[in-house]
Amino acid sequence: KFRMSDDYTRPINVISDTINRNYRDYCNYRDYYDYRKFIPQIEYNSVHRMVHVIPELLQFVRKQTYAICLSAVKGHGINLKYVEPQFISNEIYCEALRRYGLALQFIPAEQRTQEYCQIAIENCAYAIKYVPIEFKTPELYEIAIDRVPSQPCTLMHDRSPNITAFFSDLPKNILTPNMYMKLIQKNIIDGNDVPEEILTPEMSTMLVKNNGTNIQYVPQTSELCMIAILQNFKAIQYISQSILTEEMCMKCLDAHPDVIYHIPDRFLTRELYQYALNKYRYDSYEEGCDKNIFDLVLEKFNIKFVITEKE
């Protein structure tokens with residue numbers, strides 16, 4: 001494990017060579033020493049090699065050159081903000097945007113061209129917020145939607161701020177049914193984000209598969225409601241009473257005992273109580289919960305005694 005001596009006597013060229021060999025060595029060195037004080041002392045060739053391996057060192061280089069700046073933005077586009085104005089060029093901009101689309105924010109608004117905007121969006125969909133209004137075309141939005149990463153199936157509105165901001169920035173008047181379908185496939189939007197006149201059976205199925213609670217926003221069928229329940233037991237509270245069946249209630253009860261609070265009275269039979277108690281009778285009290293299934297049943301239905309068959 002590399003570690004500098006405490007007297008700061010290690011030769012500068014040894015420092016630079018060690019940092020070049022291994023990024024972990026640089027991290028160890030950084031933990032013990034202020035590497036900024038050594039940067040002005042290191043010769044040009046060593047600085048060039050170091051910036052190529054550790055691009056963020058560009059911010060500490062006093063005498064920048066075009067080659068060093070280009071090497072730094074090729075390492076990470078965010079270093080564009082450290083490039084001195086005299087070294088800015090079309091090549092510098094393009095290399096930075098190809099590696100970090102959000103670097104578009106470091107380009108002055110008057111210098112942002114359609115070419116730069118497209119390169120940025122092809123790298124990172126979230127860069128759309130830095131695109132000038134005159135370049136925000138349906139074609140560019142389509143590229144952004146294609147590039148935005150798919151999201152895991154989560155609770156509704158439990159997505160990253162980037163995803164929420166991305167959809168809120170999309171002008172709804174330019175979104176086509178095909179764009180909505182792509183957003184649904186990537187789980188970027190929920191059922192309440194899709195206009196009713198655009199919603200199709202295929203979209204409805206995809207929304208419910210993403211999150212069962214989307215059943216409240218789509219036309220309900222027995223098959224779709226069963227898919228919703230299997231995906232998320234909380235969907236039972238949004239299912240129409242005319243479609244809900246005892247089988248659906250059992251499926252929900254298999255997922256979690258708290259579902260018993262959402263089961264309509266007409267399905268609360270002795271057989272269902274028995275099924276719930278047999279399934280959860282040995283469950284211990286969960287952390288953060290002061291009731292188990294016995295308490296739920298007794299409290300909800302004011303039952304003093306529940307007789308179960310002995311095994």
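Starting from 1, each residue takes its place in the sequence as its number.
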Heavy-atom pair of closest approach, residues [X] and [Y]:
| X | Y | answer |
| --- | --- | --- |
| Gly191 | Asn214 | N-OD1, 3.0 Å |
| Val73 | Arg99 | O-CD, 3.4 Å |
| Ser204 | Pro219 | OG-CD, 3.9 Å |
| Met203 | Val194 | SD-CG1, 4.3 Å |

Spatial distance of atom [atom1] ([X]) from atom [atom2] ([Y]) [nearest 0.5 Å]:
| X | Y | atom1 | atom2 | answer |
| --- | --- | --- | --- | --- |
| Thr213 | Gln237 | OG1 | CD | 8.5 Å |
| Leu170 | Tyr180 | CG | OH | 9.0 Å |
| Leu207 | Glu202 | CG | CD | 11.0 Å |
| Lys251 | Leu253 | NZ | CG | 12.0 Å |
| Glu91 | Cys69 | CD | SG | 11.5 Å |
| Ile263 | Arg266 | CD1 | CZ | 11.5 Å |

**Study point:** side chain to side chain contact (heavy atoms under 4.5 Å, CB included) partners for Tyr130, two or more places apart
**Key:** Leu102, Leu104, Gln105, Arg112

Pair up each side-chain donor or acceptor in residues 133-148 with any protein partner under 3.5 Å, not counting sequence neighbours, and list the distances.
residue: Thr137; atom: OG1; partner: Glu139; partner atom: OE1; Å: 3.4
residue: Thr137; atom: OG1; partner: Leu140; partner atom: N; Å: 3.2
residue: Glu142; atom: OE2; partner: Asn178; partner atom: ND2; Å: 3.3
residue: Glu142; atom: OE2; partner: Lys182; partner atom: NZ; Å: 3.0
residue: Asp146; atom: OD1; partner: Lys182; partner atom: NZ; Å: 2.9
residue: Arg147; atom: NE; partner: Glu122; partner atom: O; Å: 3.1

Would you call [X] and [Y] a side-chain contact if the rule is heavy atoms closer than 4.5 Å?
| X | Y | result |
| --- | --- | --- |
| Cys249 | Ile236 | yes |
| Leu80 | Tyr100 | no |
| Gln231 | Lys209 | no |
| Gln220 | Ser242 | no |

**Study point:** Short side-chain donor-acceptor distance under 3.5 Å, Tyr66 and Ser89
**Key:** yes

Point to revise | Side chains of Tyr217 and Asp193, donor plus acceptor under 3.5 Å | key: no

Check your understanding: Is the count of non-hydrogen atoms from other residues, nucleotides or ligands lying under 6.0 Å from Gln111 atom CD greater than 12?
Key -> yes

Exercise for review: Go through Val218 and Thr205 one step at a time and tell me if the side-chain contact (heavy atoms from CB on, under 4.5 Å) criterion holds.
Suggested key: CA-CA 9 Å; Val218 303; Thr205 302; over 6 Å; no

Exercise for review: Is it possible for you to check whether Lys129 lies under 6.0 Å from the centre of the six-membered ring of Phe166, through NZ or CZ, and within 45° of that ring's axis?
Suggested key: no

